[in-house]
Amino acid sequence: MSTVPTQVTAELFNYLIARTTPEDAFLKELREAAIAAALPAIWISPEQAVFMHILLQISGAKRVLEIGTLGGYSAVAMAQALGPDGHIDTLELEPRHVAFAREWIERGGFTTNIHVHQGAALDTLASLAAGPTYDAVFIDADKGNYAAYLHQTLDMVRPGGLIMVDNAFAFGRILEDQTTTDDVWAIRAFNDLMAREQRVMSLIVPIADGLWVGVKQG
Ligand code: SAH
Ligand code: DHB
Ligand code: MG
């Protein structure tokens with residue numbers, strides 16, 4: 001038994017994808033419409049959606065906080081895991097993304113389950129902080145604010161709650177020797193902060209662009 005994990009080659013990756021629960025039909029429709037509408041193609045991958053669905057379902061989560069809605073792909077994927085009595089507050093800055101997400105949330109019949117809040121996430125978080133706590137949080141917006149989002153949301157998620165944070169691999173650039181991209185540096189700093197955060201037991205799962213998965217202690 002090696003301490004270094006098996007390299008996921010393209011061939012092995014194709015093997016496991018072929019054995020992953022296929023993308024939900026409505027999510028596929030939403031994704032294709034998002035491509036047609038020229039939204040940035042940076043939503044979670046179908047296998048990441050399956051993984052997050054499993055985590056949410058086994059944890060029995062009912063209330064989720066999402067930062068970064070885009071077209072609503074991940075919000076809908078999570079809503080499917082929560083069931084009919086689930087609720088998601090999802091935060092999005094761009095009016096065009098909000099409009100697309102709201103349209104598709106309605107088409108999918110998730111209007112009562114998913115509330116899209118338009119505005120800068122830090123402002124919206126401040127207004128939601130006084131409300132009931134969440135069972136899970138998914139952070140997937142502007143990378144420069146990841147540390148602030150973690151700080152703010154840690155107080156909003158219940159003990160035992162699930163913390164998920166996207167893009168731990170910084171678009172695949174996390175180990176580059178040199179980079180001038182602010183987002184990559186922001187993620188490096190965030191990953192180090194998360195690793196030191198004693199209130200969360202966590203690890204980076206090597207799925208898609210790296211997904212932080214943690215559980216709030218205490
Ligand atoms: N979670 C989505 C993808 C989110 S992409 C999915 O998987 O389907 C990141 C989103 O964060 C973009 O739509 C971007 O407009 C939004 N965003 C960027 N800065 C933001 C801010 N300060 N507040 C809220 N949303 C922001
Ligand atoms: C980018 C942002 C994301 O959240 C993601 O999952 C992939 C790419 C980006 O800003 O390029
Ligand atoms: Mg992301």
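Side chains included, hydrogens not; waters and symmetry mates left out as well; all remaining heavy atoms used. Atoms within each ligand, like the ligands themselves, are counted from 1 in listed order.
Taking only non-hydrogen atoms, the option from D142, T181, N167 nearest to atom 6 (O) of ligand 2 is N167. Which of E94, E92, M78 comes nearest to atom 14 (C) of ligand 1 through a heavy atom is settled by distance: it is E92. Comparing I139, L93, I44 by heavy-atom distance to atom 24 (C) of ligand 1, the nearest is L93.
Residue contacts with ligand 2 for D209 are absent, since no atom lies close enough (heavy atoms, distance under 4.0 Å). With a 4.0 Å heavy-atom cut-off, ligand 1 is reached by no atom of I67. Only the side chain of F171 comes within 4.0 Å of ligand 2, judged by heavy-atom distances.
Under a 4.0 Å N-O distance rule, the pair R199/D155 qualifies as a salt bridge.
Counting non-hydrogen atoms of other residues, nucleotides and ligands closer than 6.0 Å to CG of N14 gives a total above 12. In L175, the CG atom is not crowded: 12 or fewer heavy atoms of neighbouring residues, nucleotides or ligands sit closer than 6.0 Å. Few gaps surround CD on E29; more than 12 heavy atoms of other groups in view lie less than 6.0 Å from it.
The shortest contact between atom 9 (C) of ligand 1 and any protein heavy atom is with D140 O, 3.1 Å.
Close contacts between ligand 1 and Y149 involve ligand atoms 21 (C), 22 (N), 23 (N) [criterion: under 4.0 Å to a heavy atom]. Near D166, with a cut-off below 4.0 Å to any heavy atom, the atoms of ligand 2 are 6 (O). Within ligand 2, counting atoms from 1 as listed, the ones closer than 4.0 Å to a heavy atom of D140 are 4 (O). Those atoms of ligand 1 that come under 4.0 Å of a heavy atom in H97, given as number and element, are 12 (C), 13 (O), 15 (O).
The aromatic ring centroids of F26 and W104 lie less than 6.0 Å from each other.
Distances from the Mg ion (ligand 3) to each N, O or S atom of D140 single out OD1 as the nearest. Sorting the N, O or S atoms of D166 by how far they are from the Mg ion (ligand 3) puts OD2 first.
The Mg ion (ligand 3) lies at 2.8 Å or more from every N, O or S atom belonging to D209.
Cation-pi geometry between R102 and F100 is not satisfied (NZ or CZ under 6.0 Å from the ring centre, within 45° of the ring normal).
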